[in-house]
Amino acid sequence: MKLHGDLLSPFVRMCMATAIEAGIEQRVQLVSASSKPHEINVALAALSPIGKIPILETNHGHAIYDSRVIMEYICHVAGNKSLLPDEGNQHFHVLTLLALAQGLGDAAVALRYETFARPEGHRWPEYAERVKARINACLDELENKWHEHFKDVTLGTIAVSVVLGYIDLRHAALNWRNARPNLAAFHDTFLKRSSMINTTPKV
Ligand SMILES: N[C@@H](CCC(=O)N[C@@H](CS)C(=O)NCC(=O)O)C(=O)O
């Protein structure tokens, strides 16, 4: 399988970390690709009309996206039942935590585009403030309502830790650890896993 993307993207990194947690990383080859918000990457567009990374090209030549579907596909191929348990309650808790982490990731990437990629004269401060408020609301939700799930290694906790890593890298000034001890302790512990160590992006 070929995973098109770059580990600097939190969505790509969460797929690769999932492959490591599922024990099939040797079967997933990372193919370097980048996608900018203002340019079409023709090679990626040939695989997906959305043209965002990650895209997984299966051994049968099918393109699978987006990151959530790729993570589920990796579990399926590996026969892994712990990263996304079948049992109804646990299944939907994991998927909701994954959705929360991915919503946080979308906001963090949007803030990066707004404050770094967008030319200065075209920036929209009110939008950046709205996105920051969304980031803080997601972080508070994780801190206050999800800490009992932090001991589990699931698609949800993988995604949370990867996105926190992205926020550390791109938005350190947000100081997300302030007044969020549960989340900070979770991330510091999770960062020691080989799935996180071996997917650390090179800036
Ligand atoms: N919902 C997508 C989001 C992926 C995403 O936002 N990827 C970014 C890189 S972090 C991208 O390709 N951006 C290029 C663009 O916006 O055109 C997923 O979960 O895979």
Side-chain angles (χ1 to χ4, degrees), residues 1-22 25 28-58 62-77 83-84 92 94-119 122-124 127-128 130-132 134-135 138-139 142 154-172 174 176 195-196 199-203:
M1 291 175 264
K2 291 179 183 161
L3 182 65
H4 296 267
D6 186 310
L7 293 174
L8 279 167
S9 157
F11 300 100
V12 174
R13 186 181 180 192
M14 62 183 77
C15 293
M16 210 36 154
T18 299
I20 294 173
E21 292 290 355
E25 68 272 26
V28 181
Q29 180 198 353
L30 184 65
V31 178
S32 175
S34 63
S35 180
K36 299 195 173 116
H38 58 295
E39 271 174 27
I40 293 181
N41 176 326
V42 176
L44 290 177
L47 290 166
S48 152
I50 301 169
K52 292 189 180 186
I53 54 172
I55 301 170
L56 184 81
E57 212 179 332
T58 69
H62 299 297
I64 293 186
Y65 49 87
D66 57 5
S67 58
R68 171 188 154 177
V69 183
I70 296 171
M71 291 164 90
E72 288 200 39
Y73 181 76
I74 287 170
C75 291
H76 167 77
V77 168
L83 293 173
L84 180 59
F92 290 104
V94 169
L95 286 183
T96 304
L97 183 57
L98 177 57
L100 177 55
Q102 295 200 321
L104 175 61
D106 281 333
V109 169
L111 186 63
R112 171 78 179 164
Y113 289 163
E114 181 63 28
T115 56
F116 183 81
R118 192 185 294 281
H122 296 272
R123 290 189 188 158
W124 185 7
Y127 174 72
R130 170 68 187 105
V131 175
K132 272 188 213 165
R134 178 173 287 134
I135 290 173
C138 291
L139 290 167
L142 288 167
T154 65
L155 297 189
T157 48
I158 291 170
V160 171
S161 193
V162 164
V163 172
L164 293 175
Y166 179 81
I167 294 174
D168 273 337
L169 184 68
R170 298 300 195 200
H171 304 298
L174 290 178
W176 67 265
S195 59
M196 296 300 291
T199 57
T200 304
K202 289 177 189 64
V203 185

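Just so it is clear, the values below take in all heavy atoms, side chains as well, and ignore hydrogens, waters and symmetry mates. Indexing begins at 1, ligand by ligand and atom by atom, following the structure's order.
Taking the six-membered ring where tryptophan is involved, the planes of Tyr73 and His76 are tilted, since the angle between them lies from 30° to 60°.
Counting protein heavy atoms only, atom 10 (S) of ligand 1 is closest to Ser9 OG, 3.2 Å. Given atom 15 (C) of ligand 1, the protein heavy atom at minimum distance is Pro37 CA, 3.8 Å. From the protein, the heavy atom lying nearest to atom 16 (O) of ligand 1 is Lys52 CE, 3.6 Å. Ranking protein heavy atoms by distance to atom 1 (N) of ligand 1, first place goes to Asp66 OD2, 3.0 Å. Among all non-hydrogen protein atoms, the one lying nearest atom 20 (O) of ligand 1 is Ser67 N, 3.0 Å. Counting protein heavy atoms only, atom 14 (C) of ligand 1 is closest to Ser35 OG, 3.1 Å.
Without hydrogens or angle criteria, Asn41 side chain to Ser34 main chain gives a donor-acceptor distance under 3.5 Å. Arg123 places a side-chain N or O within 3.5 Å of a backbone atom of Thr115 that can act as its donor or acceptor partner.
Taken from CD in Glu72 to CG in Leu98, the straight-line distance is 7.5 Å, to the nearest 0.5 Å.
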Derivation of the side chain to side chain contact (heavy atoms under 4.5 Å, CB included) call for Leu7 and Leu30: CA-CA 9 Å; Leu7 293 174; Leu30 184 65; 3.8 Å; yes
Derivation and outcome, side chain to side chain contact (heavy atoms under 4.5 Å, CB included), residues Thr154 and Leu84: CA-CA 6 Å; Thr154 65; Leu84 180 59; over 6 Å; no
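Taking any N or O of Arg68, backbone or side chain, none lies under 3.5 Å from an N or O belonging to ligand 1. Residue Ile53 has at least one nitrogen or oxygen atom sitting less than 3.5 Å from a nitrogen or oxygen atom of ligand 1, judged on distance alone.
Close approach to Pro54 involves these atoms of ligand 1, each under 4.0 Å from a residue heavy atom: 20 (O).
At least one heavy atom of Lys36 sits under 4.0 Å from some atom of ligand 1. Taking 4.0 Å as the cut-off, Tyr113 counts as a neighbour of ligand 1 on heavy-atom distance.
Between Tyr65 and Leu47, the closest side-chain pair of non-hydrogen atoms is not below 4.5 Å.
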Under 3.5 Å, sequence neighbours excluded: what are the donor-acceptor pairs made by side chains of residues 12-19?
residue: Arg13; atom: NE; partner: Thr199; partner atom: O; Å: 3.1
residue: Arg13; atom: NE; partner: Thr199; partner atom: OG1; Å: 3.0
residue: Arg13; atom: NH2; partner: Met196; partner atom: O; Å: 2.9
residue: Thr18; atom: OG1; partner: Met14; partner atom: O; Å: 2.7

